[in-house]
2 protein chains.
Amino acid sequence: MQLTLKDIARMVGVAESTVSRAINNKPGVGEDTKQKILSIAKQFNYRPNQLARGLANKQTNMIALFIAEMKSPSAIEIISSIEKAANQAGYQVILCNINHDLAKEKAYLELLDTNQVDGAIFAGGQLADEHLIKASLSGENKIILLNRLTEELLLPSVITDNSRGTYLATEHLITQGAQRIALLTDENESLIKEEKVSGYQKALEEHAIAYNQNLVIDSQGSREAGYHAFLELINLSDPPDAFLATNDLLTVGLVEAIKMGGYFIPLDFLLVGYGDNLLTSIFDPSLTVVKEPYQELGQKAVDFLTDSLAGKKLAEMIVVLDPVLKIRKSSIKN
Amino acid sequence: MQLTLKDIARMVGVAESTVSRAINNKPGVGEDTKQKILSIAKQFNYRPNQLARGLANKQTNMIALFIAEMKSPSAIEIISSIEKAANQAGYQVILCNINHDLAKEKAYLELLDTNQVDGAIFAGGQLADEHLIKASLSGENKIILLNRLTEELLLPSVITDNSRGTYLATEHLITQGAQRIALLTDENESLIKEEKVSGYQKALEEHAIAYNQNLVIDSQGSREAGYHAFLELINLSDPPDAFLATNDLLTVGLVEAIKMGGYFIPLDFLLVGYGDNLLTSIFDPSLTVVKEPYQELGQKAVDFLTDSLAGKKLAEMIVVLDPVLKIRKSSIKN
DNA sequence: AGTATTTCCGCAAGCGCTTGCGAGAGTGGG
DNA sequence: CCCACTCTCGCAAGCGCTTGCGGAAATACT
């Protein structure tokens, strides 16, 4: 059986409250008794019951991490950066894999209502915004959005500059000679998708290339979707000469389809993908990608959350981080 | 402010205990009052405070998931399968990314001592076995091992048949004409590594091929290690004609090095990797791999844990699942 | 020496929920 | 009509911890 405060109190011969104060390093306990308490506590390996503590304090030091799509290689970057930052800040993270399932999102939202977590970070996805709003307003639930846009900016958010990512990529492709650039988007991230499209359009405009609706394929954002997008595009009367896939799963599917079709990159098509991970290093030729600053995204989201849990007023409601274009071989015609 | 049992009790005009029993569907409360209670509770969206409940019940419905190496693509398979299974069983999972860091493992072990979780699953890794044993014996902490071997079988474990995986792979390579098969292992999983080596040796023996110590490279199991292993092997007086990499990071690094060296697969070397994920689909030529049954591993580990939390005697202490060899092009000389 | 402070510590209530026990009301059998 | 029983429900203690308040002891001040 676990030792309790009461046990320690009895052993030392003081009241529970004194032990509590000593353990938590609070004022109001003499130096000598404090030392005695601490030494006994350590000797018997006393561990405060966090449930009881949480009940009394109304905080759990746990946060929920909602992940829209776990299979994506970049998700793991986000997850581990958040785990790391949270851990350093003294929080545990509960993994909530939403998998684009509204029911799961709702179910996991209960964690907030039932006081099991102090706050939550929503990474990606675009489901059930009303629920989020309601959740964040109903309690004093602290919710941070990461790479997830809502209609109105009601929740603290940290995102990458999505239009800049596609802008950089598109412009790069154009300077490499591409004229008909296909854009593969993920309909699950509706608002973010719009930003990505707008960056793409801006680059086209600047180079006086007409926007062609046929070259923009909106899909489920999955690997299969990437695959099918290629099949659809290749059958156009005026097929693309370059591709820009806006997430890593789409990128993989697209590449698979290109290979299946017997085409070569960058010979037949130029290609810029998304996400920078193991894939890009192994892919031949090496992949040019838009890379998001995963580490910073996670860190910033946790900072937001811990600050707001600590009751601090946030200096800003949103922080926008820049993606970088990692130019490799897949987008260079040689 | 959150509604409490007391609030509901006052509204309905009964005692807290009655409300509690009604909510938890326990006997001892009349059908009509029960309905009245439930309807009011629903109407006001009452949510029991899980901390308080946990304190009274001595259980949290949370489990800790210890992951040795999160960057590995197969880790995500394990993680999501466990999250799914745990979720279905009514448990939340706390992500504990150990990252081969003993200090972090110890720190996260506190979750068990402080009653924040009901149990834990250790996936991979080979650190601090004494701590595990101590933790599992000290409290009634329920700990399950997944793909992690200990000296003595003290904890319920679910693993893949490691020697079978390397046996299958090695034999396959031999039948494809390989004579000097290099084996890349991960020293972090010491006991599992031994099994893998033994499967490799068994296949060699059966085909009367002498075991050559120089062809076995033990390393940190990282991508870099895979890369360097190749450099080391290629400089042997009698370099290998085939490679078997025993985890997915090693596989990636190895492939990178092979490409950097200007060699072609399967022309110059046959190759069998580990893990079956996005990589294998994108790699050209497609990778032959040993695939572990991630889904089943996770499910079984969770079953073990929930059974033992429910107080059931486990039918067996260990379950061993078979890996399968997915034969693709990288190991077929054509 | 007497009073005013300060320091140290214990008492007890409270966090929100569960549960053993017993009282009262209702039912049936003799 | 009375007793024995069953069904409902409330009382109160308890889970392990925190914290406001007040008392006692120790120190400071006139």
Side-chain angles (χ1 to χ4, degrees), chain A residues 1-38 40-41 44-62 110-118 139-140, chain B residues 1-38 40-41 44-62 110-118 139-140:
Chain A
M1 195 47 209
Q2 283 277 4
L3 238 53
T4 73
L5 258 195
K6 196 193 291 185
D7 297 324
I8 302 292
R10 196 178 316 123
M11 293 172 131
V12 184
V14 295
E16 286 185 55
S17 49
T18 307
V19 179
S20 170
R21 283 186 263 260
I23 301 272
N24 295 312
N25 202 25
K26 298 213 168 160
V29 35
E31 192 56 33
D32 43 350
T33 52
K34 180 169 177 174
Q35 287 313 324
K36 205 188 308 176
I37 291 172
L38 291 182
I40 296 263
F44 289 91
N45 193 35
Y46 167 71
R47 290 280 169 274
N49 180 321
Q50 290 299 132
L51 282 175
R53 192 175 258 184
L55 183 58
N57 287 337
K58 297 178 164 309
Q59 63 159 351
T60 63
N61 289 322
M62 300 215 180
E110 287 275 301
L111 286 173
L112 288 164
D113 289 339
T114 57
N115 300 74
Q116 293 186 86
V117 297
D118 294 339
E140 299 80 44
Chain B
M1 194 49 208
Q2 284 276 5
L3 240 51
T4 73
L5 256 195
K6 196 193 292 185
D7 297 323
I8 302 293
R10 196 179 317 123
M11 293 172 130
V12 184
V14 295
E16 284 185 57
S17 49
T18 306
V19 179
S20 171
R21 282 187 264 259
I23 301 271
N24 294 313
N25 202 24
K26 297 212 169 158
V29 35
E31 192 55 33
D32 44 351
T33 52
K34 179 170 180 174
Q35 288 312 324
K36 206 189 307 178
I37 291 171
L38 291 182
I40 296 263
F44 289 91
N45 192 35
Y46 167 70
R47 290 280 169 276
N49 181 322
Q50 290 299 133
L51 282 175
R53 191 176 259 184
L55 184 57
N57 287 338
K58 296 175 166 311
Q59 64 159 350
T60 63
N61 289 321
M62 299 216 182
E110 287 274 299
L111 286 173
L112 288 165
D113 289 338
T114 57
N115 300 75
Q116 292 187 88
V117 297
D118 295 339
E140 300 79 43

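Only heavy atoms go into these numbers, but all of them, side chains included; no hydrogens, no water, no symmetry mates. A note on names: the letters A, B, ... follow the listed sequences, proteins ahead of strands, and every chain is numbered from 1.
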Distance below 4.0 Å between A/Y46 side-chain N/O and D/dC17 OP1 or OP2: yes
Taking all non-hydrogen atoms of both residues, which atom of B/A22 and which atom of B/L38 are closest, and how far apart? O-CD2, 4.0 Å
Find the distance B/D113:CG to D/dG16:P and express it as a whole number of Å. 15 Å
Could you write out each protein N or O paired with an N or O of nucleotides 25-28 of chain C at a distance under 3.5 Å?
none

Write down the distance between CG (A/L55) and P (C/dT18), rounded to a whole number of angstrom. 12 Å
With each end axis built from five pairs of C1' atoms, what bend angle do you get for the helix from C/dT5-D/dA26 to C/dG30-D/dC1? Round to 10°. 60°
Quickly work out the B/D32 CG to D/dT8 C1' distance and round it to whole Å. 10 Å
Residues in side chain to side chain donor-acceptor pair (under 3.5 Å) with B/Q116, at least two apart? B/T114
Provide, to the nearest angstrom, the distance between the NZ atom belonging to B/K36 and the P atom belonging to D/dT8. 14 Å
Strictly by modelled atom types, are A/R53 and A/N24 linked by a side-chain donor-acceptor pair under 3.5 Å? yes
Nearest-Å distance for atom pair CD/C1', residues A/Q50 and D/dC15: 15 Å
Could you measure the distance from the CG atom of B/D113 to the CD atom of A/Q50? Nearest 0.5 Å is fine. 11.0 Å
Interface polar pairs with nucleotides 19-22 of chain D, N/O, under 3.5 angstrom:
unit_1: D/dT19; atom_1: OP2; unit_2: A/K26; atom_2: NZ; d: 2.2
unit_1: D/dG20; atom_1: O6; unit_2: A/R21; atom_2: NH1; d: 3.4
unit_1: D/dG20; atom_1: O6; unit_2: A/R21; atom_2: NH2; d: 3.4

Ignoring hydrogens and angles, tell me if any N or O in the side chain of A/E16 forms a donor-acceptor pair with the backbone of A/A9 under 3.5 Å. no
Rounded off to whole Å, could you give me the CD-to-P distance for the A/Q59 and C/dG16 pair? 15 Å
Whole-Å distance separating the CD1 atom of B/I37 from the P atom of D/dG10: 8 Å
Between atom CD in B/E31 and atom C1' in D/dT6, what is the gap in whole Å? 17 Å
Residues at least two apart in sequence or cross-chain that pass side chain to side chain donor-acceptor pair (under 3.5 Å) with A/T18, listed by chain then number, are none
Heavy-atom side-chain contact between A/L3 and A/N45 under 4.5 Å: no
Looking at every non-hydrogen atom in both residues, tell me the closest pair between B/I8 and B/A41 and how far apart they are. CD1-CA, 4.1 Å
Should A/T33 be listed as having a side-chain N or O under 4.0 Å from OP1 or OP2 of C/dC8? no
Does some side-chain heavy atom of B/N49 sit less than 4.5 Å from a side-chain heavy atom of B/T4? no
Please tell me if the side chains of A/I40 and A/Y46 come closer than 4.5 Å, counting only heavy atoms from C-beta onward. no
Give one of base, sugar-phosphate or nothing for B/P48, where a contact means two heavy atoms less than 4.0 Å apart. sugar-phosphate
Measure across B/L51 and A/L55 and return the closest heavy-atom pair with its distance rounded to 0.1 Å. CD1-N, 4.0 Å
Under 4.0 angstrom, heavy atoms only, what part of the nucleic acid is A/G30 near: base, sugar-phosphate, or nothing? sugar-phosphate
For residues 27-35 of chain A, which side-chain N or O atoms pair as donor and acceptor with protein atoms under 3.5 Å away, sequence neighbours left out?
unit_1: A/E31; atom_1: OE2; unit_2: A/Q35; atom_2: NE2; d: 2.9
unit_1: A/T33; atom_1: OG1; unit_2: A/G30; atom_2: O; d: 3.0
unit_1: A/K34; atom_1: NZ; unit_2: A/N25; atom_2: OD1; d: 2.6

Hey, is the side chain of B/K58 poking within less than 4.0 Å of OP1 or OP2 on D/dG16, counting only N and O atoms? yes
